[in-house]
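One structure below.
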Amino acid sequence: MSAPTITPVFVRLKLSLLRNGLRQSTGRRAAYIASAVAALLFAALQLIGLIALRGNEHAESVVVLLVGVLALGWAVMPLFFPSGDETLDPTRLVILPLRPRPLVRALLAASLVGIGPLFTLCLLTGSVIAVAHGGAAYAVGVVAIPLALLVCVALARAVAAANIRLLTSRKGRDLAVLSGLVIAVGAQVVNFGAQRLGSSGLGQLDPAAEVLRWVPPASAVGAVDAASEGAYGAAVLQLALTAGALAALLGVWSRHLTRLMTAPDGSTFQAVTVSAVRERKPTGLARLLPAGRTGTVMERSLRYVWRDPKTKAAWVTSLAIGLIVPVFNALQGTGSIYFACFAAGMLGILMYNQFGQDTSAFWMVAMTISSRRDAYVELRARALALLVITLPYATLVTVLTTALLGDWPRLPEVLGLSFALLGAMLATGAWSSARFPYSIPQEGYKNVAPGQSSLAFLSIFGGMVAASLLCAPVIAVTVWLNVTPNGDHWTWLLLPAGAAYGALVTWLGLRLAAPRTAERLPEILTAVSKG
């Protein structure tokens, strides 16, 4: 007697997880319905657009690249949204007597339930309709659509299984925080590509599509186009490549499931006790930092950048956007060298709410501040830690932007403006950190604790307005030198003047913020501990 199949059980389990998740709260149910409606509406519009593309000479290039990007999205989705689907974690099934192959089939079927697979199905259907001409092409399309969909889903599950130990750990969950960076960078890349296509036409896609049409799952759509042109041998080969990729992904997935459900991990071993604690000597960057409280605070701030997920996400996002905006505009030929100041501005924002990144651990810092002098040294060290990264980075972005635009005579004045802007933001950021502190939740995607949005607005946007006003003298001198006859001969003075002005403004800002920090320690501690 054959054993009963577990596939229907897992499909019902997936439906139960979705249904029970929606029952948890009205807000979650409304968010799910709204996202589902938006996704399906977008899918319907894409389907109509792809059908309208039918007959275009570059339709095959567009749909092949679209399916390739779609597969890439399925591959990275588990890395950034590991908690979005409970069936992504097979370690929850390790205590059940299940064999890998039936489990793979069951999980694959369950994975086809959801908005994502339906969205993908719509795009694949539109892609096939866009390039199919003739009965043979439609017959190939009937096979290509489910085959490509299964490859996308199996790719996501294989990636998730290969990285499940990481994704279910704290560090893996914190990786999702960086999804905002991927979205920001991806949006700029898409915008840049769309502008290039708008000016040069879809023909630029043909060389990339010629290669990608042989890469699964895009090869499935390529098979439909090949059948439309009568190249039945190529169509069969492309379908075979897609089927082979599906078999390989299922094999990889099955091996990882076997390893996950049979091999021990760190949780099964008894921790090793340490009999003695050795004195830790400074290593790496810590050896280069000054001694005393200044060096200690700088090292702590830099460790936050490397280890704390929220702080790391903020830094990486600022670094990426600060580079993307001036460089992409320069590459498009529409940028200005003054866009390079965007790098200093993005990193200067990180000075705001300095105590919020400490969350409830700020009480340990507060215990070491007993005077205005202590507060000043604390703020100064945090500003110096930021400058360790910001100064060389802002200089690099400015030089790169200048090189792309070929406007070398303006390099000194732009660097001077960047340094002045950075100093103004450090000054206002230090004062704002003491006057409008707010908590940053450690879990989830929110950067402001509930009820503190107004504080965050006043801290960041109010500080940015104040920083702009502080930069007004340097901006005015820059404008005056550029409109005055022979004034461009003296613009090089803006580099030392801007650097000196930025240093002076930073020093004054720290001096003014230190007394308020020392006086408001209890209020600051209460505000930053709410998350």
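Every value quoted in this text rests on a predicted model; they were computed, and no experiment measured them.
A 4.5 Å side-chain heavy-atom check between Val236 and Val140 finds every atom pair outside the cut-off. Put simply, the side chain of Pro117 does not reach to within 4.5 Å of the side chain of Ser111, judged on heavy atoms. Between Leu323 and Phe342, every side-chain heavy-atom pair lies at or beyond the 4.5 Å cut-off. Side-chain contact check for Thr125 versus Ile129: some heavy-atom pair is nearer than 4.5 Å. The closest side-chain heavy-atom distance from Tyr438 to Ile460 is below 4.5 Å. The side-chain heavy atoms of Ser318 and Ile349, taken from C-beta on, include no pair separated by under 4.5 Å. Looking at heavy atoms from C-beta onward, Pro217 lies out of side-chain contact with Leu147 at the 4.5 angstrom threshold. Side-chain atoms of Phe10 and Leu103, non-hydrogen and from C-beta on, do get closer than 4.5 Å to each other.
In this structure, the side chain of Lys14 engages the main chain of Val113 through a donor-acceptor pair within 3.5 Å. In this structure a side-chain-to-backbone donor-acceptor pair under 3.5 Å is missing from Arg382 to Ser301.
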Side-chain donor/acceptor pairs under 3.5 Å, residues 42-53, sequence neighbours excluded:
none

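A distance of 9.5 Å separates CD in Glu60 from OG in Ser228, rounded to the nearest 0.5 Å. Distance CG/Leu150 to CG/Leu249: 10.5 Å, rounded to 0.5 Å. Going from atom CG of Leu347 over to atom CH2 of Trp315 covers 5.5 Å, rounded to the nearest 0.5 Å. Within the model, atoms CG of Leu246 and CG of Leu149 stand 10.0 Å from one another, a figure rounded to the nearest 0.5 Å. Distance check: Thr311 OG1 to Leu350 CG gives 9.0 Å after rounding to the nearest 0.5 Å. For the atom pair CG of Leu257 and CG of Leu250, the computed distance is 10.5 Å after rounding to the nearest 0.5 Å.
By the salt bridge (Lys or Arg N to Asp or Glu O under 4.0 Å) test, Arg300 is found to be paired with Glu378, residues two or more places apart in sequence or in another chain being considered. Under the side-chain hydrogen bond (donor to acceptor under 3.5 Å, both in side chains) criterion, Tyr393 pairs with no residue, sequence neighbours left out. With sequence neighbours excluded, the residues satisfying side-chain hydrogen bond (donor to acceptor under 3.5 Å, both in side chains) with Ser219 are Thr242. With sequence neighbours left out, the side-chain hydrogen bond (donor to acceptor under 3.5 Å, both in side chains) criterion links Thr120 to Trp74. With sequence neighbours excluded, no residue forms a salt bridge (Lys or Arg N to Asp or Glu O under 4.0 Å) with Glu229.
Contact detail for Arg213 and Val64: the closest heavy-atom pair is N-CG1, 3.7 Å. The minimum heavy-atom distance linking Arg54 with Tyr138 is given by the pair NH1-OH, 3.3 Å. Scanning all heavy atoms of the two residues, the minimum distance from Ala394 to Ala343 falls at CA-CB, 4.4 Å. Nearest approach of Leu404 to Ala330, heavy atoms of both residues: CB-CB, 3.9 Å. Nearest heavy atoms, Leu386 versus Met351: CD1-N, 3.7 Å. Minimum heavy-atom separation, Gly68 to Leu212: CA-CD2, 4.0 Å.
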Requested in this report: Evaluate the side chain to side chain contact (heavy atoms under 4.5 Å, CB included) criterion for residues Leu108 and Thr7: first the C-alpha distance (whole Å), next the side-chain angles of each, then the deciding distance (0.1 Å), finally the verdict.
Outcome: CA-CA 9 Å; Leu108 184 64; Thr7 301; over 6 Å; no
Requested in this report: Begin from the C-alpha positions of Val414 and Cys341 and carry the test side chain to side chain contact (heavy atoms under 4.5 Å, CB included) through to its verdict.
Outcome: CA-CA 7 Å; Val414 177; Cys341 296; 4.2 Å; yes
